[in-house]
Amino acid sequence: MSATRLFTEADLSAGTEAELTEAQAHYLRHVMRRPDGSPLLLFNGRDGEWAAELALRGKKAAAARVSERTRPQVVEPDLWLCFAPIKRARIDYVAEKATELGVTVLQPVLTQHTAVERVNVGRLRANAVEAAEQTERLSVPEVRTPVDLMRLLGEWPAGRRLLMCDETGGGPPIAGALAGLDDAARAAPWAIVIGPEGGFASAELTALRRMKDVTAVGLGPRILRADTAALAALACWQALVGDWRQPTPRLSSDYRSSRGAV
Ligand code: SAH
């Protein structure tokens with residue numbers, strides 16, 4: 001039986017028991033019909049990945065008996081995705097795909113031309129957890145509450161570079177701009193900034209272009225929808241700056257997880 005891979009908030013070390021959430025217990029007991037002792041893999045974003053066994057408790061609850069570490073925690077590139085909220089199905093898609101592509105923070109931003117203002121942060125987080133479980137990531141990106149773009153820029157952390165996707169033209173193509181970075185720029189924390197479906201307002205474009213560590217780039221001759229632009233920019237960034245530059249590590253095949261996650 002292949003192991004089911006789950007995110008947990010609990011600390012993980014050999015011999016401990018991690019309580020599973022109600023949703024996880026329900027999924028393992030009633031959806032997957034896993035018996036007591038079934039193999040699990042757990043990660044919490046801090047302690048690496050651990051092999052564990054399902055411990056059924058009473059009629060509803062479940063815990064995990066943690067045995068040995070299967071992978072050490074790794075340091076991931078520090079990459080935020082700042083994007084304007086879009087309609088439900090497409091924002092869920094961005095949360096899932098951006099998690100697969102390795103973002104560390106999902107930051108919804110409200111702009112003058114943002115059509116959708118309400119964001120269900122809890123649902124985005126659930127999407128991010130599920131994607132992290134399935135994609136063999138060792139962490140889950142932090143999903144932040146929406147913030148006004150101008151305020152975000154006003155409080156921008158020193159040293160975090162911005163990759164601004166600018167559909168109005170004039171910026172260099174993304175590949176050349178990223179390939180030309182020096183080692184210090186590559187090692188810096190980054191953020192990718194994508195505008196709303198209605199585009200950035202001119203005051204916003206001016207404010208973005210005035211930021212200290214901003215690189216405005218183009219993503220080719222076609223205007224992409226915001227979700228496509230986010231994922232295209234993320235893929236380029238990982239390939240030219242991030243962890244796609246390293247050989248793909250082997251995963252511990254003895255413990256390979258099943259693809260279905262909670
Ligand atoms: N409403 C705008 C398009 C906005 S597309 C218009 O019709 O002109 C949404 C966002 O995706 C943009 O703000 C930009 O950040 C990004 N984007 C889309 N296509 C792009 C391209 N070819 N180059 C750079 N960024 C792009």
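All of these numbers come straight from a predicted model, not from anything done at the bench. Note that ligands are numbered from 1 as they come in the structure, with each ligand's atoms numbered from 1 the same way.
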Original post:
Is it true that a side-chain atom of Thr228 and a backbone atom of Leu224 form a donor plus acceptor pair closer than 3.5 Å?
Top reply: no

Subject >> Ligand-side contact atoms (ligand 1) for residue partner Arg222, heavy atom cut-off under 4.0 Å >> reply: 19 (N), 21 (C), 22 (N)

**OP:** Decide whether an N or O pair under 3.5 Å exists between Gly195 and ligand 1.
**Re:** yes

Original post:
When only distance counts, is Leu224 in polar contact with ligand 1, meaning an N/O pair under 3.5 Å?
Top reply: yes

Subject >> Heavy-atom check, side chain of Phe43 versus side chain of Gln73, under 4.5 Å >> reply: no

Subject >> For Gly220, atoms of ligand 1 separated by under 4.0 Å from a heavy atom >> reply: 22 (N)

Original post:
Against heavy atoms of Gly199, which atoms of ligand 1 measure under 4.0 Å?
Top reply: 1 (N), 2 (C), 4 (C)

Subject >> Nitrogen or oxygen atoms of Leu219 and ligand 1 under 3.5 Å apart >> reply: yes

Original post:
Quick check: does any side chain N or O of Thr104 sit under 3.5 Å from a backbone N or O of Leu79, one acting as donor and the other as acceptor?
Top reply: yes

**OP:** Just jot down the ligand 1 atoms closer than 4.0 angstrom to any heavy atom of Asp166, in number order.
**Re:** 23 (N), 24 (C), 25 (N)

Original post:
For Arg225, is at least one N or O under 3.5 Å away from an N or O on ligand 1?
Top reply: no

**OP:** Give the minimum heavy-atom separation between Pro172 and Ala216, together with the two atoms involved.
**Re:** CD-O, 3.1 Å

Original post:
With a 4.0 Å cut-off on heavy atoms, is Val217 touching ligand 1?
Top reply: yes

**OP:** Work out which heavy atom in Val241 is nearest to a heavy atom in Leu181; give both atom names and the distance.
**Re:** CG2-CD1, 3.8 Å

Original post:
Have Glu76 and Ser139 got a donor and an acceptor in their side chains that come within less than 3.5 Å?
Top reply: yes

Subject >> Heavy-atom neighbours of Arg151 CZ exceed 12 at 6.0 Å >> reply: no

Original post:
Closest non-hydrogen protein atom to atom 26 (C) of ligand 1, residue and atom name please, with distance?
Top reply: Glu167 CB, 3.6 Å

Original post:
Charged N to carboxylate O below 4.0 Å: is that the case for Glu49 and Arg137?
Top reply: no

Subject >> Option with minimal heavy-atom separation from atom 9 (C) of ligand 1, where the choices are Ala229, Cys82, Pro196 >> reply: Pro196

Original post:
What protein heavy atom is closest to atom 1 (N) of ligand 1, reported as residue, atom name and distance in Å?
Top reply: Glu197 O, 2.6 Å

Original post:
What part of Thr168, side chain from CB on, backbone N/CA/C/O, both or neither, has a heavy atom under 4.0 Å from ligand 1?
Top reply: neither

**OP:** Ignoring angles and geometry beyond distance, decide whether Cys165 reaches within less than 3.5 Å of ligand 1 through its nitrogen or oxygen atoms.
**Re:** yes

**OP:** Any atoms of ligand 1 less than 4.0 Å from a non-hydrogen atom of Gly198? List them with their elements.
**Re:** 1 (N)

Original post:
Looking at atom 22 (N) of ligand 1, would you say a protein heavy atom lies below 4.0 Å from it?
Top reply: yes

Subject >> Leu28 vs Leu20, side-chain contact (heavy atoms from CB on, under 4.5 Å): CA-CA, chis, key distance, verdict >> reply: CA-CA 10 Å; Leu28 291 165; Leu20 299 181; 3.6 Å; yes

**OP:** Determine whether Leu41 and Thr4 make a side-chain contact, defined as any pair of heavy atoms from C-beta on separated by less than 4.5 Å.
**Re:** no

Original post:
Is the charged tip of Arg160 near the ring of Trp190: under 6.0 Å from the six-membered ring centre and within 45° of its axis?
Top reply: no

Original post:
ligand 1 and Phe200, any nitrogen or oxygen pair closer than 3.5 angstrom?
Top reply: no

**OP:** Please state which part of Met164 comes within less than 4.0 Å of ligand 1, counting heavy atoms only: side chain, backbone, both or neither.
**Re:** neither

